[in-house]
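Keep in mind that the numbers below use all heavy atoms, side chains included, and drop hydrogens, waters and symmetry copies.
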Amino acid sequence: MAIAQQHQTISSRRQRDMLLTALDLVLAITAVAAIATLILEHGWRAGNHPVDLAKLHAASWLIAGVFAGERFFRLGISHNRSRYARDNWIDFMLIGMAVVAVGVVHRLGDRPLGLNGQATLSAGAMYMLICQLYILGVLLLRAMTLNLRFTESGIHPTWLLILSFAALCLIGSGLLMLPVAIPEPTSPNYLRLDYPDALFTAVSATCVTGLVTRDIGLGFTTFGQAVILSLIQLGGLGIMLFGTVLAGLVGKSLTVRGSRTMAAMLMGESYGRMARMASFIVTTTLILEAAGAFLMYPMFANAPGINGQPNTATQAAWMSAFHSISSFCNAGFSLYGRNMLAGVNQSAWSQPLRDSWQIMGVMAPLIILGGLGFPVISDCGAWIK
């Protein structure tokens, strides 16, 4: 009798494992479809989409339903449902927020926007925006989980670092090849982007070399510049490190093997100090870059833009953030074609960038702090404390 029960337990466990494996496969296919759907809709300009938008929107709703259904299905077959809900609270929070947002939009319907009510917000467009924001949130969570799995996979830290950088370069170059990443053909700044140029730019940004084959400010749209800036940030500080810290913020923890891998990446830090060092790196990075962007804002607000016209508040804020991150990561990228020489012998400029106090007072300290390295900054902070 006991042997029969044991066989039944083993059989049910195998069936459950097979079910979870099949579910993982379905989820992986769904995630790929979600990425493809977002790229097909937002990677092309209006009117030039390669696939009908109605079909893409229908696919987005189906994908969102699969993502939400997968969580509830796993909750239903979990042995400890309350623990599963606690471990995946952010997934259920996203589902709840999406449902509430859809309910609010459904109740409000179309509403005029602006002071004079000239523009009308389509309820259908808001539904799709909520759906796609939910999909993006889920994809971010899945990316963090995948990051942890890679960290805990047992791959040697050296190879893991090489593979993560290679993957980042390939993904970045693919995003730069999207039509929305460069000016449209009718623009005077349009210049066809071939894949070797896109790959070179992505590798240069990821490895923070500062070498470019075209003017970043004029040759790429804001989307393209955002891709380059993301590559600079992730490449300069480590995609595995960022993914691990973000995962920790939502309650995902490393195993012993994963901790050993991250400790090796952080130059032999002990397990206990590794978590503190990783959190210190990300927190310090965001604080210093935000402070640098805040202090550089007046310089860009009072300077002509890359097109020679005065910068708007939004443009000045974007340029401040871009140059602050580029400085701290020692990337050497600038949105001005002449870099920090912009304004020298140019009649439209009342004062060249290099004559602004922020160059030596903000940008130079960011470069120095980023170049020192976080172990040195941490030790200096401990010594001062």
Sidechain-backbone polar pair: [X] side chain, [Y] backbone, donor-acceptor under 3.5 Å:
X	Y	value
Q225	G217	yes
S187	N189	yes
D194	P196	no
T312	Q315	yes
S326	F333	yes
T221	A181	yes
D197	L193	no

What heavy-atom pair brings [X] and [Y] nearest, and what distance separates the two atoms?
X	Y	answer
P365	G361	CG-O, 3.4 Å
S60	C131	O-SG, 3.4 Å
G235	F165	O-CZ, 3.3 Å
S204	T209	OG-OG1, 2.5 Å
G172	A202	C-CB, 4.0 Å
V362	L295	CG2-CB, 3.7 Å

Are [Y] and [X] co-members of a hydrophobic cluster defined by side-chain heavy atoms under 4.5 Å apart?
X	Y	value
L136	L234	yes
Y190	V227	yes
L218	W349	yes
V51	I35	yes
F67	I29	no

May I ask you to test the [X]-[Y] pair for a side-chain heavy-atom distance under 4.5 Å?
X	Y	value
R83	S78	no
F220	R214	yes
Y84	H79	no
V105	V102	no
W44	I39	yes
M319	I306	yes
H323	L335	yes
H57	E41	yes

Say you draw a straight line from [atom1] of [X] to [atom2] of [Y]; how long is it, rounded to the nearest 0.5 Å?
X	Y	atom1	atom2	value
L199	T213	CG	OG1	10.5 Å
S327	M340	OG	CE	7.0 Å
I228	L175	CD1	CG	11.0 Å
I77	L19	CD1	CG	5.0 Å
L94	R71	CG	CZ	10.5 Å
I63	T37	CD1	OG1	3.5 Å

Heavy-atom neighbours of [X] [atom1] exceed 12 at 6.0 Å:
X	atom1	answer
W357	CH2	yes
R45	CZ	yes
M93	CE	yes
N345	CG	no

ask   = Under 30°, 30 to 60°, or over 60°: which ring-plane class applies to F300 and Y336, parallel, tilted or perpendicular?
value = parallel

key: Ionic contact status for R142 with D91, cut-off 4.0 Å   = yes

inquiry  = Applying side chain to side chain contact (heavy atoms under 4.5 Å, CB included) to L211 and F200, what does each step give before you reach the verdict?
reply    = CA-CA 8 Å; L211 300 174; F200 184 92; 4.0 Å; yes

message = Test side chain to side chain contact (heavy atoms under 4.5 Å, CB included) on L40 and H49; report intermediate values, then the result.
response = CA-CA 7 Å; L40 287 172; H49 295 93; over 6 Å; no

request  = State which residue, out of I325, L366, T284, fulfils the side chain to side chain contact (heavy atoms under 4.5 Å, CB included) condition with E289.
outcome  = I325

query = Of the options T30, L23, D24, V26, which is the one that meets E70 in a side chain to side chain contact (heavy atoms under 4.5 Å, CB included)?
reply = L23

request  = Go through the steps to decide whether T285 and Q233 satisfy the test side chain to side chain contact (heavy atoms under 4.5 Å, CB included), and finish with yes or no.
outcome  = CA-CA 9 Å; T285 296; Q233 185 75 93; 3.6 Å; yes

task = Please lay out, stage by stage, how I182 and L191 fare under the test side chain to side chain contact (heavy atoms under 4.5 Å, CB included).
result = CA-CA 8 Å; I182 61 175; L191 178 64; over 6 Å; no

query = Can you name the side-chain hydrogen bond (donor to acceptor under 3.5 Å, both in side chains) partners of Y195, sequence neighbours left out?
reply = S173

